[in-house]
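Scroll down for the structure; my scribbles are underneath it.
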Amino acid sequence: ESSNVISIYLKPQRGKIFLFYPGQFAFVKFCSQFLSSEEHHFTISSSPLRNTISFTIKESGDFTRKLNRLKAGDTAKIEGPFGAFSNVGMKGPFIFIAGGIGITPVMSMLSFMKEKNKKEKTLLIYGARKKSDLIFYEELEKLKKESSWFDVTYVLSSENASREKRFHKGYINS
């Protein structure tokens, strides 16, 4: 996703289903020769309507730095879901504010809204240091182009804003 963020995609084994609301998180234990068997919690970044579940994870320590060593066929044990940060059952319009890797639960909700054809007016204000740190930038741009109900504004703290109107220099504030 970027120089220090990866997405990991998992499929349920033997037709098992993992039910969750967009915006929730789970405890994950990866079974790989390259990782310790410790359990970590990660926000789910995919829509619950997909046949895979994804976790988008920023490197923030020894364990997360090693996640790129996972191989196709490695397994994981998932416990959950947990958390109540979801817009399921709520009426829009919505304003989401996210910074950096905090986009993951919002992306889960936006993907779910798109797949459910839930056309409630939604604005995302998304902050990062620089444009290359905007996780899911291309997916967000595609959603904006394809959807009359979705708009996004980017706020960059360490890079001059683009000439495009929806890029701003600074920090998200009141």
Could you check Ile57 against Val5 for side chain to side chain contact (heavy atoms under 4.5 Å, CB included), going step by step and ending with a plain yes or no?
CA-CA 5 Å; Ile57 304 164; Val5 176; over 6 Å; no
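- Ile125 places none of its side-chain heavy atoms less than 4.5 Å from the side chain of Phe96.
- Counting heavy atoms from C-beta outward, Pro48 and Leu19 have side chains that stay 4.5 Å or more apart.
- Ring-plane geometry between Phe20 and Phe18 is classed as tilted, the angle between the planes lying from 30 to 60 degrees on a 0 to 90 degree scale.
- Between Ser47 and Ser111 the shortest heavy-atom distance is CB-CB, 3.9 Å.
- The local environment of CD in Glu38 is crowded, with over 12 non-hydrogen atoms from other residues, nucleotides or ligands closer than 6.0 Å.
- Under a hydrophobic clustering in which Ile, Leu, Val, Met, Phe, Trp and Tyr are joined whenever their side-chain heavy atoms come within less than 4.5 Å, directly or via other members, Ile103 and Ile44 fall into different clusters.
- Remark: the backbone N or O of Gly73 is not paired with any side-chain donor or acceptor of Thr75 at under 3.5 angstrom.
- Of all heavy-atom pairs spanning Thr43 and Gln24, the tightest one is CG2-O, 3.7 Å.
- Here CZ of Phe167 is found 6.0 Å from CG of Leu156. Values are rounded to the nearest 0.5 Å.
- Atom CE of Met109 is separated from atom CG of Leu124 by 10.5 Å, given to the nearest 0.5 angstrom.
- At a threshold of 4.5 Å between side-chain heavy atoms, the hydrophobic network of Ile, Leu, Val, Met, Phe, Trp and Tyr places Met90 and Phe85 in one connected group.
- Closest of all the heavy-atom pairs between Ser46 and Ile53 is OG-CA, 3.4 Å.
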Full working for salt bridge (charged side-chain N to carboxylate O under 4.0 Å, His left out) between Lys29 and Glu79
CA-CA 9 Å; Lys29 185 186 293 187; Glu79 184 182 338; over 6 Å; no
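- Rounded to the nearest 0.5 Å, atoms CG (Asn4) and CD1 (Ile135) are 7.0 Å apart.
- Cluster annotation: Trp149 is not connected to Leu123 through the hydrophobic network of ILVMFWY side chains, with a link wherever side-chain heavy atoms come within less than 4.5 Å.
- The NZ atom of Lys131 sits 8.0 Å away from atom CD of Glu159, with the distance rounded to the nearest 0.5 Å.
- A continuous path of Ile, Leu, Val, Met, Phe, Trp and Tyr side chains, each step under 4.5 Å between heavy atoms, connects Val155 with Ile95, placing both in one hydrophobic cluster.
- Counting only heavy atoms from C-beta outward, the side chains of Met107 and Leu140 approach each other to under 4.5 Å.
- Side chains of Lys66 and Phe34 form no contact here, defined as non-hydrogen atoms less than 4.5 Å apart.
- Between Tyr126 and Gly99, the shortest heavy-atom contact is CE1-C, 4.2 Å.
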From CA spacing to verdict: side chain to side chain contact (heavy atoms under 4.5 Å, CB included), Ser45, Ser108
CA-CA 5 Å; Ser45 56; Ser108 178; 5.5 Å; no
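- Heavy atoms of other residues, nucleotides or ligands lying less than 6.0 angstrom from NZ of Lys77 number 12 at most.
- Once rounded to the nearest 0.5 Å, the distance linking CZ of Phe150 with CD of Glu141 reads 8.5 Å.
- Heavy-atom minimum distance, Glu115 versus Leu49: OE1-CB, 3.3 Å.
- Side-chain atoms of Lys114 never come within 3.5 Å of backbone atoms of Leu143 as a donor-acceptor pair (strictly under, hydrogens ignored).
- The closest side-chain heavy-atom distance from Glu1 to Ile6 is not below 4.5 Å.
- Here the side chains of Phe63 and His40 are in contact, with some heavy-atom distance below 4.5 Å.
- Residues Asp62 and Arg65 are paired through a salt bridge, judged by an N-O separation under 4.0 Å between the basic side chain and the carboxylate.
- Ile101 and Leu67 fall into different hydrophobic clusters, where Ile, Leu, Val, Met, Phe, Trp and Tyr residues are linked whenever their side-chain heavy atoms come under 4.5 Å apart, directly or through other members.
- In this model, a donor atom of one side chain and an acceptor atom of the other lie less than 3.5 Å apart for Ser7 and Thr56.
- Residues Phe27 and Phe42 have side chains not in contact (no heavy-atom distance under 4.5 Å, counting atoms from C-beta outward).
- In this structure the side chain of Met113 never reaches within 4.5 angstrom of the side chain of Lys119, judged on heavy atoms.
- A distance-only check finds a donor-acceptor pair linking the side chain of Ser86 to the backbone of Pro22 [under 3.5 Å].
- Summarising the geometry, atom CG belonging to Leu110 is positioned 10.5 Å from atom CZ belonging to Phe136; distances are rounded to the nearest 0.5 Å.
- Classification of the Phe25-His41 ring pair by plane angle, with boundaries at 30° and 60°, yields perpendicular.
- Crowding of Lys121 atom NZ: a count of heavy atoms from other residues, nucleotides or ligands under 6.0 Å exceeding 12.
- Contact record, Cys31 with Asp74: O-CB, 3.7 Å, taken as the closest heavy-atom pair.
- Under the 6.0 Å cut-off for aromatic ring centres, Phe112 and Tyr21 do not qualify, their centroids lying 6.0 Å or more apart.
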Where do Phe30 and Ile8 land on the side chain to side chain contact (heavy atoms under 4.5 Å, CB included) test, with the steps shown first?
CA-CA 11 Å; Phe30 295 103; Ile8 297 169; 3.9 Å; yes
